[in-house]
Amino acid sequence: MSELKTKLWEMGVTTEDLDSIVEEGASRLVSRVNNEGMAEQLRFLEEQVCMSENDILAAVQSDIDNI
């Protein structure tokens, strides 16, 4: 077990206690990705979210259809 995890366990921290911190971290990551433009957005969707080209095209088309 990592030293940080041990310290958190000793403090009585649970996974639920980390939820909002993880969400804030994810929000920061997504903001950075969006600010870096389309190439970085596509790399993120393909590599981090595991979306295929067809998945991305279908999601974009769905957004367009809902406008």
Side-chain angles (χ1 to χ4, degrees):
M1 188 178 320
S2 75
E3 185 177 326
L4 176 57
K5 187 174 179 181
T6 300
K7 288 178 183 179
L8 292 171
W9 277 110
E10 289 171 355
M11 293 170 60
V13 174
T14 67
T15 57
E16 291 81 13
D17 296 324
L18 296 175
D19 287 350
S20 64
I21 299 168
V22 170
E23 289 171 5
E24 175 61 28
S27 178
R28 290 180 189 182
L29 173 62
V30 170
S31 180
R32 181 190 57 78
V33 168
N34 282 335
N35 288 333
E36 291 185 6
M38 188 181 291
E40 184 64 16
Q41 289 171 317
L42 293 174
R43 185 200 64 74
F44 176 80
L45 291 172
E46 292 171 339
E47 295 176 12
Q48 300 299 316
V49 183
C50 298
M51 291 180 76
S52 69
E53 183 176 314
N54 286 338
D55 294 335
I56 295 167
L57 289 170
V60 169
Q61 187 62 56
S62 176
D63 282 352
I64 290 170
D65 291 345
N66 289 325
I67 293 177

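- Rounding to the nearest 0.5 Å gives a distance of 14.0 Å between CD of E24 and CG of L18.
- To the nearest 0.5 angstrom, E47 atom CD is 10.5 Å from L42 atom CG.
- Residues I64 and L45 share a hydrophobic cluster, clusters being chains of Ile/Leu/Val/Met/Phe/Trp/Tyr side chains in contact below 4.5 Å.
- Side-chain heavy atoms closer than 4.5 Å link hydrophobic residues (I, L, V, M, F, W, Y) into clusters, and following such links, even through other members, never connects L57 to M38.
- The closest side-chain heavy-atom distance from R43 to Q48 is below 4.5 Å.
- Between atom CD1 of residue I56 and atom CD of residue E53 there is a gap of 7.5 Å, rounded to the nearest 0.5 Å.
- Counting heavy atoms from C-beta on, the side chains of N35 and R32 never come closer than 4.5 Å.
- Under a hydrophobic-cluster definition in which Ile, Leu, Val, Met, Phe, Trp and Tyr are linked whenever side-chain heavy atoms come within less than 4.5 Å, directly or via other members, V22 and F44 are assigned to different clusters.
- A donor-acceptor contact closer than 3.5 angstrom links the side chains of D55 and S52.
- Defined by atom type and a distance below 3.5 Å, a donor-acceptor pair is present between the side-chain atoms of D17 and T14.
- In plain terms, the two heavy atoms of N34 and Q41 that are nearest each other are OD1-NE2, 2.9 Å.
- When hydrophobic clusters are built by joining Ile, Leu, Val, Met, Phe, Trp and Tyr residues whose side-chain heavy atoms come closer than 4.5 Å, directly or via intermediates, I21 is not grouped with V30.
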